[in-house]
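Bear in mind that the values here come from a model prediction, so they are computed numbers and not experimental data.
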Amino acid sequence: MNKEDILKQVGFDLSKAKAIYEWLTQDNQPTTLPPIGVTQPVSIHYDENGDPDGIRVCALDEDFLIALHDEFDGEDVTFDKAKTVSLFTDKQVYLYYYYLDDIVRLMKEAGGDPLDDVWYWTKTPSAGSVSYQLVFYGANGNIYNDSRLYAYRVRVSLALNTKTLKP
C-alpha cells in the first residue's frame, strides 16, 4: 500500500494516519489492517502539531485524557487548590487501574511521567461527607477516603472533547 492509498483510506486524519503508520512499522504485523475508526482502549493522544499531549483512555462510556505530567510542579497541594483543575472521577480511576500497565508503558513512550507511588486527588467527594474526598494511589489505583485538609498530588484528567490539558 502506498502513502496516497493510506491517506485516502484515513481521510487525511492525522491521528488515524499515525495509527496506521504504527501498525505498518511494528514487528509481527497482523495479516489484516485494523478497522478505521476503531480506537484502542488506551493510546497516545497527539495535539494538532503531532506532539503527544496525553494518554487517551476510551472504554465503556468514558473518553478522557491523562496529562503527561503532574500539575503544580509535582508538589502536594490541598483540595482547594487541586479542584481548580480537572481531576479524575472515581470511574476514571477504575479505568486507570484496569489499564495501568498500558498507561505506564505509553506514558513513558510519550515522554511523560507515570503517576508516582503517592496519593492523588479525585473530583469525587466521599459518600455522605462534605469534608472528605476520594483519593487514589498512583502506583495501583487503590481508592481511599481522606480529609480535604491534607495535601496530595494532582494529575489532570480531561474529557477528550476538551482542546487542551490546561484549564
Enquirer: How close do Ala139 and Leu100 get, heavy atom to heavy atom, and via which atoms?
Expert: O-CD2, 3.0 Å
Enquirer: Rounded to the nearest 0.5 Å, what separates atom CG in Leu68 from atom CG in Asp53?
Expert: 7.0 Å
Enquirer: Ignoring hydrogens and geometry, is there a side-chain-to-backbone donor-acceptor pair from Arg148 to Ser131 under 3.5 Å?
Expert: no
Enquirer: In this structure, is the centre-to-centre distance between the rings of Phe88 and Phe136 below 6.0 Å?
Expert: yes
Enquirer: Closest heavy-atom contact between Leu87 and Lys123?
Expert: O-CE, 2.8 Å
Enquirer: Give a yes or no on whether the backbone of Ala67 and the side-chain of Arg155 come within a donor-acceptor separation of less than 3.5 Å.
Expert: yes
Enquirer: Under 3.5 Å, side chain of Asp47 to main-chain N/O of Asn49, donor-acceptor pair present?
Expert: yes
Enquirer: With sequence neighbours left out, write down each residue that passes salt bridge (charged side-chain N to carboxylate O under 4.0 Å, His left out) with Asp101, or none if nothing qualifies.
Expert: none
Enquirer: Answer whether the closest heavy-atom distance between the side chains of Lys81 and Val154 falls below 4.5 Å.
Expert: no
Enquirer: Atom OG1 of Thr124 and atom CG of Asn145: how far apart are they, to the nearest 0.5 Å?
Expert: 11.5 Å
Enquirer: What distance separates Tyr96 OH from Leu115 CG, expressed to the nearest 0.5 Å?
Expert: 4.0 Å
Enquirer: Can you measure from CG (Leu158) to CD (Gln92) and round to the nearest 0.5 angstrom?
Expert: 9.0 Å
Enquirer: Any idea which heavy atoms bring His69 and Gly111 closest together, and the distance?
Expert: CE1-O, 3.5 Å
Enquirer: Hey, does the side chain of Tyr97 reach the backbone of Asn140 with a donor-acceptor pair shorter than 3.5 angstrom?
Expert: no
Enquirer: Tell me if a side-chain donor or acceptor on Trp121 pairs with a main-chain N or O of Val77 at a distance below 3.5 Å.
Expert: yes
Enquirer: If you measure from CD1 on Ile55 to CZ on Phe64, what distance do you get to the nearest 0.5 Å?
Expert: 11.0 Å
Enquirer: Taking side chain as C-beta onward, heavy atoms only, is Gln133 less than 4.5 Å from Ser126?
Expert: no
Enquirer: Between the main-chain N or O of Phe72 and the side-chain N or O of Glu75, is there a donor-acceptor pair closer than 3.5 Å?
Expert: no
Enquirer: Given side chains that start at C-beta, do those of Met107 and Asp113 come closer than 4.5 Å, heavy atoms only?
Expert: no
Enquirer: Using distance alone, with no hydrogens and no angle criterion, decide if Asp90 and Thr122 have a side-chain donor and acceptor under 3.5 Å apart.
Expert: no
Enquirer: Among residues at least two apart in sequence or on other chains, which ones pass side chain to side chain contact (heavy atoms under 4.5 Å, CB included) with Asp102?
Expert: Val42, Tyr99, Arg105
Enquirer: When rounded to the nearest 0.5 angstrom, what distance separates OG in Ser157 from CG in Leu65?
Expert: 8.0 Å
Enquirer: Cluster question for you: counting only ILVMFWY and a side-chain heavy-atom cut-off of under 4.5 Å, with indirect links fine, are Tyr120 and Leu149 together?
Expert: no
